[in-house]
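First up is the structure itself, then whatever we jot down about it.
Indexing begins at 1, ligand by ligand and atom by atom, following the structure's order. These numbers come from a predicted model, not from an experiment. Each residue takes its place number in the sequence, starting with 1.
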Amino acid sequence: MKNKNKIGIFDSGIGGLTVVKKMFEILPEYQILYFGDTARMPYGERSSEIIKKYSIEASEFLIKKGAKIIVIACNTASATASQELKKKFSLPIFEVITPAVEKAIQITKNKRIGIIGTRATVNSGIYEKLIKEKKPEIKVFSQPAPLLVPLIEEGWLKKGETKRIIKSYLYPLKMAQIDTLIMACTHYPLLREQIQLKIGRKIKLVDPGEEVVLKLKEFLEKNKAIEKELAKNKNHQFYLSDPTPKFQEIARRWLGQRIEIKLADI
Ligand code: DGL
């Protein structure tokens with residue numbers, strides 16, 4: 001019998017496709033089941049109660065469609081709802097914050113870490129809390145960067161306006177002399193080059209999406225019984241709560257391939 005168990009990934013919208021891209025690079029054999037809540041995005045400006053409610057619904061949807069593992073691609077949902085989801089559901093749930101924190105702690109030399117993310121992620125204080133729990137001597141500097149998500153979705157990656165906005169968001173972090181920067185939002189890896197340019201060539205960038213996929217890889221290597229049961233094929237399924245042509249186009253641009261997007265009956 002063919003395996004039907006899938007790796008479910010969810011995000012507030014299509015930002016999680018940067019995590020899918022990392023899955024294609026690092027764990028290409030597994031079938032992915034993606035849900036993006038485009039009808040209700042952005043999560044980054046919402047209250048934690050609403051983010052938790054939406055994240056529970058997203059997880060229920062993925063489980064109904066055959067997910068046996070869930071990856072919360074969205075930084076905002078990871079920051080706000082991962083504890084709740086882990087309590088509520090019994091399947092393995094991966095969030096992007098812990099692996100990013102571990103990586104940043106490992107690579108910082110001067111013990112000064114910067115974070116950029118949505119307002120909800122920054123306000124949650126979760127990155128700072130986890131870093132301080134592990135290494136109280138590390139100084140953390142956080143900066144919300146809410147304008148970047150719409151600019152990235154508009155494809156304004158190399159425009160002067162975008163470069164200027166990045167510069168002004170990063171200025172306080174530069175002044176704080178961080179040596180490591182966590183790009184704590186699904187979208188930011190698309191601006192990696194420009195962020196690197198503005199923060200400085202020597203600063204190390206951490207992509208939580210990449211780190212969570214590496215964590216998942218480690219987990220699958222250790223948990224053979226779960227790994228064996230996962231579907232291995234390229235029939236990835238992409239569901240959005242509002243599949244407009246705009247998202248088709250962005251998905252094609254970001255993944256470099258056309259994907260079939262279906263309406264999620266959430
Ligand atoms: N996916 C969200 C995140 O990673 C960004 C977009 C949103 O605010 O919904 O935080």
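- Within 6.0 Å of atom NZ in K232, more than 12 heavy atoms from other residues, nucleotides or ligands are found, so the atom counts as buried in its surroundings.
- Considering backbone and side-chain atoms alike, N75 places an N or O below 3.5 Å from some N or O of ligand 1.
- Protein heavy atom nearest atom 6 (C) of ligand 1, with residue, atom name and distance: S12 OG, 3.5 Å.
- Atoms of ligand 1 lying under 4.0 Å from at least one heavy atom of T118, given by number and element, are 5 (C), 8 (O), 10 (O).
- You'll find the ring centres of F94 and F219 inside the 6.0 Å limit.
- Look at C185 and you'll find a heavy atom under 4.0 Å from some atom of ligand 1.
- Taking a cut-off of under 4.0 Å to the non-hydrogen atoms of Y43, the atoms of ligand 1 that pass are 7 (C), 8 (O), 9 (O).
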Determine whether V19 and V213 satisfy the following criterion, side-chain contact (heavy atoms from CB on, under 4.5 Å), listing intermediate values before the conclusion. CA-CA 7 Å; V19 180; V213 176; 4.0 Å; yes
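- In terms of protein heavy atoms, atom 2 (C) of ligand 1 is closest to C74 SG, 3.5 Å.
- L240 contributes atom CG, which lies 10.5 Å from atom CE of M41 (distance to the nearest 0.5 angstrom).
- Taking the six-membered ring for Trp and the full ring otherwise, the centers of Y239 and Y34 sit at least 6.0 Å from each other.
- Of the N and O atoms on the side chains of N233 and Q31, at least one donor lies less than 3.5 Å from an acceptor on the other residue.
- Backbone and side-chain nitrogen or oxygen atoms of E45 are examined, and none is located within less than 3.5 angstrom of a nitrogen or oxygen of ligand 1.
- Among protein heavy atoms, atom 8 (O) of ligand 1 sits closest to G44 N, 2.8 Å.
- In this structure, P42 has a heavy atom closer than 4.0 Å to ligand 1.
- Within ligand 1, counting atoms from 1 as listed, the ones closer than 4.0 Å to a heavy atom of D11 are 1 (N).
- The one candidate from L33, I63, L85 that meets the side chain to side chain contact (heavy atoms under 4.5 Å, CB included) condition with I70 is I63.
- Taken from NZ in K204 to CD1 in I107, the straight-line distance is 5.5 Å, to the nearest 0.5 Å.
- Counting protein heavy atoms only, atom 10 (O) of ligand 1 is closest to T76 OG1, 2.5 Å.
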